[in-house]
Amino acid sequence: MNKIYNQQIDNILSQKYLSYAISTIVSRSLPDVRDGLKPVHRRIIYSMYQLKLFNNSNYKKSARIVGDVMGKFHPHGDQAIYDSLVRLAQNFSTRIPIIDGQGNFGNIDGDNPAAMRYTEAKLEKYANYFFDGIEEDSVNFKENYDGQNLEPEVLPSQLPNLLVNGAMGIAVGMATNIPPHNIEELINALKLIIKKDKVSLSEVLKIINGPDLPTGGEIILDSNEKKHIYKNGKGSFNINAKYKIEELKNGLYQIVVTEIPYQVNKVKIIEQLANYINNKKLPLDDVIDESDENIRIVLKPKTRNINSVKLISLCFKLTDLSIKYSCNFNVLINGIEPKQIGIIEILSNFLEYRKVTIKRKSKFNIEKIKKRLEILQGYQIVFKNLNSIVKIIRTKDNPKKELIKKYKLSDLQCESILSMRLGSLRKIDEKNIKDEIQKLNDELKYLNKLIKDKKTLDKFIVNELDQIKNDLDSDIKNRKSIITSEHNNNFDISIDEFKEIEKFTIIINKDFQLKRIKEITDENEINKIKKENLFSINLNSNQKILLFVSSGKVYTIDPNTLPAGNSNPKSFIYFVDSMPNDKVAGLLSSIDDELLIVSKNGKGFVSNTQSLVTNQKKGKQLFNLKNNDVVIKVLNLTKKYISCVTKLQKMLIFETDALPILQKGGGVQLIKIKKDDFLSDVTQLTIEDGLEWSTGSKYRKLEDIDFWIGKRAQTGKKVPKNFNKNLKFD
């Protein structure tokens, strides 16, 4: 106990951790490529074999099986063993269940199985394919953990169970995740590899369509992804739930989910859907679980007008009705070497192993036949010399010695003769012996050929696979999962597409307070609102408000969040993160195309509204201002000319094409600003319509405007006679 290690601690730790990692990889986490089992599963199956719990026997308590496994082979926790046993019996976890469970073995809702003292189990018919020649020296046995019993290093499986039922495990530094596949497709692929010396991946993938999951579903897997996964042993694919549309009365419908993705908890999906309904992120009225032994989740849309394809696409996007499954084909080669391999290597490794088990079984049976032939040849000597042999047996003290000496018998022949029953000396038995010798010689000849001749061995395996395929039930052979290469669902869809569109008028008063009201289209009402408020715009509920402030920033506001009806308006600062001294300079809709933004110092430029929309409350900096400049106006630009007027009564009209279109910037000079002057207002116009402005309650119009037309950044000319004294256009 007081042993001192004279080594660096990092060297000791690395050695010990490496030893632990290898132990975890080999003894716990990774499946063997030969029988597709991890040690715990192999020990459960073999222990049930020893207990003779075959599919035609009676059930035994799970506790008895777990105790046997733990006591003889697997010195770990009983719950861990029971969990593994349960998984092998669940038809929603395992493509072809290996264990037949009686009692509560859990369900797809995620409910736990009953305690092991209540449940019972035995092996399924499929488990018989794991024991071919297990008592005929087809595999090696090793001592168990305490040396009291022997256990097989690997089971002599007749099928590539690694791909049939898949595998999942996490080791140290590596993990495995192999999906289940269709057994009929795998058998056909094995036959192709046997018949063709060098088979290509493309040829194999013409037979193997892809994974075949216990819970069915729709697998999205195009040819390139498929080749990548099965060549490298790594990749991913999407699994979608299967659904159907059921038409109801009065044009109503409901979506019924009939299959869910592999390894997904049904209750979790329903909880996710319910949460999104409560948070108003899904346009569903209700979700109802009507499942019995079959999955049936009913989704009821809010209205009959909702597009069913878009609705299910949104459900797939938000919930586990659609998942991404990652593949990682990490396996143990010959129970020792961890390696990531492709499907051809997995199938080839299995076939090589199968050939070894057949040859070993054949050699065992050859020796058995030789012994039997030796005994039968001894029996023939008995029938030829029956009276003499009977006399020796009756009269001699040591008949064995006399018989060996007189008839040159082997020890085995002599023992067999001496132990013969008198009833077997009938004449008819002599003919049976000759027939049996002939039959055994034929079998011996075939077994020798099976060991030495490759073609005979290949033909034997092909016939065996055909026999297995014929013996399997159709529900096991039939494919459950649909493979498609097309993404039929739109994952860019959002809840906004389902909202009922309303029309609003958004107003902001002189105190910069916002409110929404039902859209106003009456001309008089529109003019009244314009007089009473700073800005107003009409827009739909699925559009956004762009609010521009004096500091050059633009903010995006959802109109649905604004106070409505009889509610009091709220200051814009409730909806955005603005600076304390910011004043509102403009209000536009997100669907307006181009805008003109101008500053007090006469700078300006054109920008696009769609590039300004953001989800951030802090907004976007649009105008880079200098020298204490501020934004004074923002226009939805729809006309070819703009007119600028300054505080010193200068006016200039020029084409909007002279202005740059920027995502953001400092702008260009619109009109030359002299000392102590600043830009008072801008408006847009056409030559045909002339220039309009308001004076009090009247509107004035100037049709001939050629005098004021010039080039951008010129000084401009004195404003027209009777122009507004406050030097504003409206």
Side-chain angles (χ1 to χ4, degrees), residues 46 49-52 54 56-57 72 128 131-144 146-153 155-156 355-454 456-457 459-460 463-464:
Y46 181 63
Y49 171 82
Q50 282 193 323
L51 290 167
K52 300 195 184 319
F54 303 114
N56 55 359
S57 67
K72 286 184 178 178
N128 295 337
F131 306 122
D132 182 55
I134 195 166
E135 293 179 358
E136 296 168 295
D137 194 41
S138 58
V139 291
N140 291 330
F141 279 73
K142 62 181 180 181
E143 287 187 348
N144 69 336
D146 63 359
Q148 299 288 318
N149 296 280
L150 292 174
E151 62 174 311
E153 291 180 358
L155 293 178
K355 287 174 184 177
V356 169
T357 57
I358 291 169
K359 285 178 181 179
R360 286 185 60 157
K361 179 184 173 182
S362 299
K363 286 176 183 176
F364 177 87
N365 286 321
I366 284 169
E367 292 303 315
K368 192 176 175 182
I369 289 168
K370 283 179 178 178
K371 285 181 182 179
R372 180 62 180 165
L373 283 170
E374 188 180 337
I375 291 167
L376 291 173
Q377 285 161 5
Y379 287 170
Q380 282 182 321
I381 293 169
V382 170
F383 285 111
K384 287 178 183 177
N385 306 279
L386 186 58
N387 293 330
S388 175
I389 288 171
V390 171
K391 187 178 179 182
I392 290 169
I393 292 169
R394 291 185 66 194
T395 59
K396 299 294 181 180
D397 292 335
N398 192 352
K400 182 179 178 181
K401 188 176 179 182
E402 288 292 331
L403 289 172
I404 290 171
K405 184 179 178 181
K406 185 171 182 177
Y407 298 106
K408 295 184 173 54
L409 299 172
S410 68
D411 191 67
L412 177 63
Q413 287 173 327
C414 196
E415 285 290 342
S416 299
I417 290 166
L418 291 170
S419 59
M420 280 179 73
R421 291 169 58 240
L422 287 172
S424 64
L425 296 175
R426 288 177 303 165
K427 183 68 180 173
I428 196 169
D429 281 341
E430 188 175 3
K431 183 182 182 301
N432 289 343
I433 287 167
K434 284 180 182 179
D435 292 341
E436 190 179 350
I437 288 171
Q438 180 61 45
K439 186 180 174 184
L440 290 173
N441 279 321
D442 291 342
E443 192 175 345
L444 189 64
K445 185 180 177 182
Y446 177 74
L447 290 175
N448 279 314
K449 193 178 180 183
L450 194 63
I451 292 169
K452 294 171 184 175
D453 183 47
K454 181 182 180 296
T456 305
L457 182 57
K459 188 179 178 182
F460 175 84
N463 291 337
E464 181 183 70

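When reading the values below, keep in mind they use all heavy atoms of this one structure, side chains included, and skip hydrogens, waters and symmetry mates. Not measured: the values here are computed from a predicted model.
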Legend entry - Spatial distance of atom CZ (Arg372) from atom CG (Leu412) [nearest 0.5 Å]: 10.0 Å
Legend entry - More than 12 heavy atoms from other groups under 6.0 Å of NZ on Lys445: no
Inset, instruction - To the nearest 0.5 angstrom, please state how far the CD1 atom of Ile381 sits from the CG atom of Leu376. - result: 11.5 Å
Inset, instruction - For Asp453 and Lys449, indicate whether the former's side chain and the latter's backbone hold a donor-acceptor pair under 3.5 Å. - result: no
Inset, instruction - Check whether any side-chain heavy atom of Asp132 sits under 4.5 Å from a side-chain heavy atom of Thr357, and report yes or no. - result: no
Legend entry - side chain to side chain contact (heavy atoms under 4.5 Å, CB included) between Leu373 and Glu436, worked out: CA-CA 9 Å; Leu373 283 170; Glu436 190 179 350; over 6 Å; no
Inset, instruction - Give the intermediate values and the outcome of salt bridge (Lys or Arg N to Asp or Glu O under 4.0 Å) for residues Lys72 and Asp146. - result: CA-CA 8 Å; Lys72 286 184 178 178; Asp146 63 359; over 6 Å; no
Legend entry - Over all atoms of both residues, closest heavy-atom pair of Gly378 and Leu409: CA-CD2, 4.5 Å
Legend entry - Heavy-atom closest pair, residues Glu135 and Tyr49: OE2-OH, 2.8 Å
Legend entry - Working for side chain to side chain contact (heavy atoms under 4.5 Å, CB included), residues Lys401 and Lys396: CA-CA 9 Å; Lys401 188 176 179 182; Lys396 299 294 181 180; over 6 Å; no
Inset, instruction - Classify the angle between the aromatic ring planes of Phe460 and Tyr446 as parallel (below 30°), tilted (30 to 60°) or perpendicular (above 60°). - result: tilted
Inset, instruction - Supply the atom-to-atom distance Lys361 NZ to Ile451 CD1, rounded to the nearest 0.5 angstrom. - result: 12.0 Å
Inset, instruction - Decide, yes or no, whether a salt bridge links Lys368 with Glu136 under the criterion of side-chain N to carboxylate O below 4.0 Å. - result: no
Legend entry - For the student: nearest non-hydrogen atoms of Leu444 and Ile366, plus distance: CD1-CG2, 3.6 Å
Inset, instruction - Would you please test Ile392 and Tyr407 for side chain to side chain contact (heavy atoms under 4.5 Å, CB included) and show each step? - result: CA-CA 12 Å; Ile392 290 169; Tyr407 298 106; 4.2 Å; yes
Inset, instruction - Measure across Leu155 and Pro152 and return the closest heavy-atom pair with its distance rounded to 0.1 Å. - result: CD2-CG, 3.7 Å
Legend entry - Exam field: side chain Ser57 to backbone Phe54, donor-acceptor pair closer than 3.5 Å: yes
Inset, instruction - Check for a donor-acceptor pair, side chain of Ser138 on one end and backbone N or O of Gly133 on the other, with a separation under 3.5 Å. - result: yes
Legend entry - Side-chain touch Val139/Val356, heavy atoms, less than 4.5 angstrom: no
Legend entry - Separation of Thr395 OG1 from Glu402 CD (nearest 0.5 Å): 8.0 Å
Inset, instruction - Please tell me if the side chains of Leu450 and Lys359 come closer than 4.5 Å, counting only heavy atoms from C-beta onward. - result: no
Legend entry - From CD1 (Ile437) to CD1 (Ile375), nearest 0.5 Å: 11.0 Å
Inset, instruction - Kindly determine whether Asn140 and Arg360 satisfy side chain to side chain contact (heavy atoms under 4.5 Å, CB included), including the steps that lead there. - result: CA-CA 10 Å; Asn140 291 330; Arg360 286 185 60 157; 2.8 Å; yes
Legend entry - CG on Asp442 to CD1 on Ile369, rounded to 0.5 Å: 10.0 Å
Legend entry - Lys/Arg-Asp/Glu bridge criterion (N-O < 4.0 Å) met for Lys363, Asp137: no
Inset, instruction - Look at the side chain of Gln413 and the backbone N and O of Ser410, then say whether any donor-acceptor pair between them is shorter than 3.5 Å. - result: yes
Inset, instruction - Check Glu151 against Asn144 and note the closest heavy-atom contact, atom names and distance. - result: OE2-CA, 3.8 Å
Inset, instruction - Examine Phe131 together with Tyr46 and report whether their ring centres are nearer than 6.0 Å. - result: no
